[in-house]
Each structure stands twice: as structure tokens, then as C-alpha cells.
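Below: one structure, written as C-alpha cells.
Chain A is the first sequence line, chain B the second, and so forth, proteins listed ahead of strands; every chain is numbered from 1.
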Amino acid sequence: MENNTEKAEFTHSTPPSRDRETFYIYNTLTRKKEQFIPLHAPNVGMYVCGPTVYGDPHLGHARPAITFDILFRYLKHLGYKVRYVRNITDVGHLENDADEGEDKIAKKARLEQLEPMEIVQYYTLRYHKAMELLNVLPPSIEPHASGHIMEQIDFVQKILDAGYAYESEGSVYFDVEKYNKNHHYGKLSGRNINELLETTRELDGQSEKHRSVDFALWKKASPEHIMRWKSPWSMGFPGWHLECSAMGTKYLGEEFDIHGGGMDLMFPHHECEIAQNQAGLGKNSVKYWMHNNMITIGGQKMGKSLGNFITLEQFFTGNHPLLTKAFSPMTIRFFILQAHYRSTVDFSSEALEASEKGLERLMEGYVRLQKLSAGEKSSIEISDLRKKCEDTMNDDLNTPIVISHLFDNLRVINLIHDGKETISKSDLEELQSVFKLYLEDILGLQSEIQDSTNNEAFYKAIDLLLNIRLEAKKKKDWATSDKIRNELTALGFEIKDTKDGFEWKAP
RNA sequence: GGUACUUUGGCCGAGUGGCUAGGCGCCGGUCUGCAAAACCGUUUACGGCGGUUCGAAUCCGCCAAGUACCUCCA
């Protein structure tokens with residue numbers, strides 16, 4: 001299903017006429033919308049924090065995946081050659097305090113008596129499956145933290161060599177206080193760490209860490225800790241901020257264009273990453289930091305810690321107390337795209353049902369658009385649609401407005417379909433082209449009409465039944481006509497009478 | 001406590017100084033044997049108080065309510 005896009009990547013040697021100079025994105029670092037200018041056009045490097053694979057993917061995972069999928073698609077549309085790296089975190093996230101920390105993956109493994117990598121494999125596949133259903137394009141590279149231990153050890157060494165880290169009983173910690181003397185630790189999240197340093201000075205007597213704000217770059221493994229690697233300092237595992245520094249650098253270089261992730265990662269994760277890169281490489285590695293906002297439920301963040309999350313599978317099956325029904329992956333995608341990525345979006349079954357109906361209407365209009373016939377001339381104006389959509393995307397990926405433009409033109413499509421307006425051949429082609437571009441290629445919405453009933457005899461049989469009904473109707477034999485309709489409806493078919501015939505949809 | 005942010009019509013959700021966002025729902029209509037579906041149309045809101053301005057949802061101040069981060073989280 002993503003073949004078109006794959007091919008497009010290799011056939012865009014001639015950049016489209018799109019006005020790249022007007023693409024603006026919001027940079028968390030400067031808190032402003034900034035014009036997007038790549039470091040090495042036409043190449044663009046983007047890195048996005050992926051999932052920690054120790055649980056089923058939930059609605060919260062869908063948001064950054066979809067947000068940055070849109071960015072990935074739009075950058076490609078603008079003619080850039082994009083390398084999109086999204087990592088899989090399969091080691092290193094500490095469960096509690098650093099001191100009694102335990103690797104999340106390892107903990108789950110012991111509980112379930114499985115090999116850690118078995119867990120990783122299982123949830124990675126589940127994540128991939130969900131992303132595919134959501135029509136999220138696979139990133140260019142999807143590196144695993146566990147596959148980049150060497151790179152992370154090297155990175156720790158660089159920071160040690162630069163004097164911004166210290167070793168303590170087999171573990172290595174980042175010296176935040178020292179770093180903050182020369183750089184600003186907290187510049188991304190707008191924090192002034194000095195006060196924190198003052199207030200925590202006395203609490204650190206018995207800890208290996210000099211300051212509570214210091215964070216682990218390498219952690220010595222306790223005996224029961226089963227995920228462990230050899231390093232110059234101890235048998236242990238890398239600190240949980242390090243993988244992004246190491247893998248981002250490895251695949252995108254010491255400086256690259258875009259780094260994305262959820263807003264909740266801004267502090268401390270991304271802050272630490274900035275510090276690590278500055279300390280280890282002497283560079284401010286990332287030009288544009290982008291953060292998607294959270295999905296809330298009843299006004300509260302949906303998250304693992306609050307236990308109020310709904311897994312994607314539960315959405316797809318409807319198997320959750322808060323869900324009135326199952327919702328398709330495209331509905332979830334559309335729901336997310338109907339809000340701007342920097343706003344919170346409040347989940348409710350009611351809101352999802354509204355999205356579902358809107359999407360269905362839009363997609364049916366899209367099908368209708370393909371079948372529209374052109375007239376002599378246009379009685380409507382569609383020439384500015386492409387520009388309107390483009391301007392809107394250029395304004396920090398404002399997908400809800402793009403969708404509103406499509407809905408405006410859905411009305412036009414229906415009016416033409418009803419014969420109340422006309423459209424010229426060239427205008428029709430333009431309309432079809434813009435809808436394909438934005439609906440399919442950029443927003444990534446696809447029709448969900450199942451091909452499972454892809455059986456000619458089946459279609460003909462239903463048509464036959466409905467033709468019999470049509471004849472009955474002509475004879476005003478309402479009993480037969482209603483019997484056919486009612487029984488097909490009971491089987492889950494949708495029967496629609498039209499002016500001179502019928503339309504139907506399989507269950 | 002510190003730091004950000006949010007508050008828009010029945011619901012969701014755009015919108016940073018003046019021109020109807022959009023979706024869903026409701027209501028009205030077209031179509032129809034009936035129904036459903038579909039389609040068309042309608043629905044004028046911006047937490048409170050004060051200020052700036054010819055003009056504010058949009059800028060400023062105060063107040064109120066709520067959320068997020070500061071600990072793992074997308």
C-alpha cells in the first residue's frame with residue numbers, strides 16, 4: 001500500500017514546483033514558528049523517539065507516529081530526500097530511582113518468565129502491525145537501542161573525555177552542575193536548573209550520584225539484572241537518554257534537521273540528549289525540535305502511569321468499557337488529524353463517532369469524485385484549492401484546516417454529482433489530483449472498503465436479488481420488496497435506494 | 001511549591017485585531033410506496049471583570065477553573 005510513496009522517493013529528482021521557502025514549523029527550542037531550511041538540502045534528516053517495547057501500543061503511541069508520518073510525507077512532497085529515523089527502545093529505561101533502578105524490559109521478562117528479547121520481539125511486531133493498520137509509513141531506519149551498545153559506550157567515553165561525566169562504583173553519571181556552568185541545561189523546557197542545584201545539594205550523601213539532577217550514562221547491573229553488556233566501567237547497561245544521542249548521530253550525523261517526540265519527553269529526556277550531544281560532540285545537534293501534544297481522556301493525559309490508556313487493538317475491536325463500538329484504524333488516524341498536533345485532543349467515544357461519520361462521508365465523496373463526468377465549463381471555482389491546502393500545510397502542518405478545505409470541496413463534488421453545478425474537464429482533473437495528493441498521499445487516508453468479498457459470483461448474486469426487488473417495486477409488490485431489503489439488512493448489508501436503481505455495501 | 005500551557009456554540013475542534021473554519025448532532029427541505037441512506041440548507045460561540053483600539057475570541061492586566069512537566073510515560 002505504500003508502494004507509490006516508495007517509488008516517489010526515487011523519482012523526484014526534479015523538485016516539484018512547491019514553494020519550499022514558505023514551509024514553517026514550530027521549533028520548541030525558540031518557541032516560534034520558523035521557516036524550515038534544511039542544513040543540507042535537498043537532504044533532510046529527522047529523528048523521532050519511538051516506542052519502548054514493553055507493552056501494547058496505545059492511542060498515545062499513535063499520535064507522534066501519525067504526526068511525524070505527516071511531516072515525513074509532506075517533506076517528501078516538497079521534494080526533499082528524507083532520512084527518517086525512529087528508534088525502538090528495548091533497553092535502559094529505569095523503572096524507579098536510579099539507585100534501585102531496574103530495566104523495564106528485564107522486569108517484565110522476569111515476571112513473565114520470558115527472555116527479554118522475546119518481549120521485545122513480541123511488542124515490536126505488535127507495534128509494527130498497529131502502525132501498518134494506521135497507514136503510518138515505516139521510517140527509513142528503525143534502530144534498536146540494544147543493537148547500538150558499542151556506539152553508546154563510545155558516546156559515554158566522549159563525554160567522560162570532555163570532562164562532563166564522572167564514574168562512580170561502576171556507573172557513569174552526567175555532571176549537570178558542571179555542564180550548566182558552560183551551557184544552559186534546561187534551555188529546551190525553559191528551566192533554570194540553578195535553583196534545583198541549590199536545593200538538592202545536601203540530599204546526596206549516600207548516593208553514587210553527586211547531585212540528584214545528574215543522570216546515568218552507564219549503569220552497573222545488579223546481579224539479578226539480566227540485560228547487561230560489557231563496558232570499560234562495569235557489566236551494565238546504557239542510561240536511557242543515551243540511545244537517541246548515539247543513534248541519531250550515527251545515522252543522521254552530528255548535526256541534523258529535525259528531532260521529534262511527545263511533549264512529555266521534553267524534560268528530562270530531550271534536555272539530557274541536548275546536554276549529551278553538546279558535551280560529547282561540542283555541538284548543538286538539532287536545528288528544529290518538534291513536539292506533539294498529548295491525547296487526554298476526560299481532560300487528563302492518557303498514559304501508562306495513570307492506567308487510563310486504551311490500546312490500539314482495543315479500539316480496533318471495541319473491547320473496552322469506554323468504547324461504545326469498534327473504531328477502524330482510519331477513524332483513529334482521521335480523529336488525530338482533525339486536531340492540530342500541538343493541541344491536546346480529548347478522546348471520547350462520541351468524538352470518535354463524529355470523526356468516523358465525517359471520514360466516511362469524505363471517502364465516499366472521494367470515490368464519487370473519480371466517477372464524476374466533466375461538462376463544458378465549470379460553474380464553480382476550484383482553482384485555489386491546491387494553494388489553500390499547501391498554504392495550510394506550510395503553516396506548521398495544520399491538518400484540521402486542510403481537512404476543512406476538503407470538506408468544503410466535498411460539498412462541491414456532491415453538487416456536481418447532483419447535477420446542480422458543472423465542472424470542466426481540466427477543473428475535474430485538478431480536483432481529482434488535489435484530492436489524491438492531500439487525502440491519500442499527504443494525510444495518508446485510505447479507503448477501508450474490504451476486498452474480502454472480492455468474489456464476482458457473490459456480487460452478482462446480491463445484484464440479482466436486488467434486481468428482483470427492483471422488479472417487485474415496479475409492480476408495487478411491497479411485500480417482496482421489503483422482505484428482500486429487510487433480510488439483507490438483517491445480514492448486515494446496507495441497501496440504498498437511488499433514483500433509478502440501488503446501491504449496496506457488504507457487511 | 002517552581003515552570004509552562006489551556007478555557008471557543010449541544011459535543012469535538014480551527015482561528016492572534018475587522019471578512020460564515022470544518023466535522024458530528026439538532027432542525028428544515030429534496031428524493032422515496034414506506035423507510036433508510038444520500039444530498040442541500042440552517043444553527044453565530046469565544047471563562048469572568050477591567051483596559052488598549054474606530055473595532056478584540058484574537059493585544060494588556062487582574063480573577064476563576066483546569067491540564068501538563070518537574071519521577072517512567074508518546
Which whole-number value in Å describes the distance from [X] [atom1] to [N] [atom2]?
| X | N | atom1 | atom2 | result |
| --- | --- | --- | --- | --- |
| A:Arg361 | B:G23 | CZ | P | 6 Å |
| A:Asp418 | B:A38 | CG | C1' | 8 Å |
| A:Leu406 | B:A21 | CG | P | 18 Å |
| A:Leu466 | B:A37 | CG | P | 17 Å |
| A:Ile403 | B:C12 | CD1 | C1' | 12 Å |
| A:Phe502 | B:C34 | CZ | C1' | 19 Å |
| A:His270 | B:C70 | NE2 | P | 13 Å |
| A:Leu415 | B:A38 | CG | C1' | 13 Å |

*Partners of A:Tyr251 by side chain to side chain donor-acceptor pair (under 3.5 Å), sequence neighbours excluded?*
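By the side chain to side chain donor-acceptor pair (under 3.5 Å) rule, A:Tyr251 matches A:His148.
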Looking only at the side chain of [X] (C-beta and beyond, no hydrogens), which of the listed nucleotides [options] gets closest?
| X | options | value |
| --- | --- | --- |
| A:Ser404 | B:G22, B:G15, B:C73 | B:G22 |
| A:Asp346 | B:C12, B:G22, B:C39 | B:C12 |
| A:Glu350 | B:A4, B:C11, B:G25 | B:C11 |
| A:Ala354 | B:G25, B:C69, B:G23 | B:G23 |
| A:Phe267 | B:C12, B:C69, B:A14 | B:C69 |

[atom1] atoms of [N] and [M], separation to the nearest Å:
| N | M | atom1 | answer |
| --- | --- | --- | --- |
| B:C70 | B:G47 | C1' | 28 Å |
| B:U16 | B:C60 | C1' | 14 Å |
| B:C73 | B:A21 | P | 41 Å |
| B:U58 | B:C46 | C1' | 10 Å |
| B:A57 | B:C19 | P | 9 Å |
| B:C5 | B:A37 | C1' | 44 Å |
| B:G22 | B:U8 | C1' | 14 Å |
| B:C11 | B:A68 | C1' | 24 Å |

*Taking the six-membered ring for Trp, are A:Tyr179 and A:Phe174 ring centroids under 6.0 Å apart?*
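When the ring centroids of A:Tyr179 and A:Phe174 are compared, they turn out to be within the sub-6.0 Å range.
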_For A:His241 and A:His270, I'd like to know if the aromatic rings sit close, meaning centre-to-centre distance below 6.0 Å._
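No, too far apart.
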*asked:* Let me check I have this right: for RNA chain B, each base becomes ., (, ), [, ] or |, based on Watson-Crick or G-U pairs with both distances under 3.5 Å. What is the full string?
replied: (((((((..(((.....[...)))(.((((.......)))).)...(((((..]....))))))))))))....
Any donor-acceptor pair under 3.5 Å linking the side-chain atoms of [Y] with those of [X]?
| X | Y | answer |
| --- | --- | --- |
| A:Asn293 | A:Ser343 | no |
| A:Tyr185 | A:Lys178 | no |
| A:Glu271 | A:Ser189 | yes |

So what does [X] touch, heavy atoms closer than 4.0 Å: a base, only the sugar-phosphate, or nothing?
| X | answer |
| --- | --- |
| A:Asp482 | base |
| A:Gly60 | base |
| A:Glu353 | nothing |
| A:Met263 | nothing |
| A:His291 | nothing |
| A:Leu265 | sugar-phosphate |
| A:Ile295 | base |
| A:Val48 | nothing |

_Going by ring pair (Phe, Tyr, Trp, His ring centres under 6.0 Å), A:His259 matches just one of A:Tyr84, A:Phe68, A:Trp289. Which one?_
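Running ring pair (Phe, Tyr, Trp, His ring centres under 6.0 Å) over A:Tyr84, A:Phe68, A:Trp289 with A:His259 returns exactly one hit, A:Trp289.
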What I want to check is whether an N or O donor and acceptor connect the side chain of [X] with the base of [N] at under 3.5 Å.
| X | N | answer |
| --- | --- | --- |
| A:Arg485 | B:A36 | no |
| A:Arg342 | B:C5 | no |
| A:Asp497 | B:A35 | yes |
| A:Lys301 | B:C73 | yes |
| A:Ser481 | B:G33 | yes |

_Residue met sooner reading RNA chain B from 5', once A:Ser348 and A:Asn292 are mapped to nucleotides_ =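 Per heavy-atom nearest nucleotide, the more 5' residue is A:Ser348.
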*Take A:Met294 and A:Glu360, find for each the nucleotide of RNA chain B with the closest heavy atom, and name the residue whose nucleotide sits nearer the 5' end.*
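The residue whose closest nucleotide sits nearer the 5' end is A:Glu360.
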N/O (side chain, [X]) to phosphate O (OP1/OP2, [N]) under 4.0 Å:
| X | N | result |
| --- | --- | --- |
| A:Arg411 | B:G41 | yes |
| A:Asn398 | B:G15 | yes |
| A:Ser343 | B:A14 | yes |

_Listed partners of A:His128 passing ring pair (Phe, Tyr, Trp, His ring centres under 6.0 Å), at least two apart_ =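 Scan of A:His128 (ring pair (Phe, Tyr, Trp, His ring centres under 6.0 Å), adjacent residues dropped) gives none.
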*Check the angle between the aromatic planes of A:Tyr459 and A:Trp504 and answer parallel, tilted or perpendicular using the 30° and 60° thresholds.*
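Ring orientation of A:Tyr459 relative to A:Trp504: tilted.
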*Which residue pairs satisfy the salt bridge (Lys or Arg N to Asp or Glu O under 4.0 Å) criterion with at least one member in residues 53-63 of chain A, sequence neighbours excluded?*
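Listed by first then second residue: A:Asp56-A:Arg126.
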*Under the ring pair (Phe, Tyr, Trp, His ring centres under 6.0 Å) rule, what pairs show up with a residue in residues 335-374 of chain A, not counting sequence neighbours?*
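Qualifying pairs: A:Phe315-A:Phe347.
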*Ring-base stacking, A:Trp478 with B:G33 (5.5 Å, 30° cut-offs)*: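 It does: the two rings, one from A:Trp478 and one from B:G33, meet the stacking criterion.
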*In residues 325-340 of chain A, what residues come within less than 4.0 Å of RNA chain B, judged by heavy atoms?*
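Heavy-atom cutoff 4.0 Å gives A:Gln338, A:Ala339, A:His340.
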*A:Glu350 versus A:Thr324: any side-chain heavy-atom pair under 4.5 Å?*
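In short, these two side chains do not touch, never coming nearer than 4.5 Å.
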*Neighbour count above 12 (heavy atom, 6.0 Å) for A:Lys483 NZ*: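 Counting other residues, nucleotides and ligands, NZ of A:Lys483 stays at 12 neighbours or fewer.
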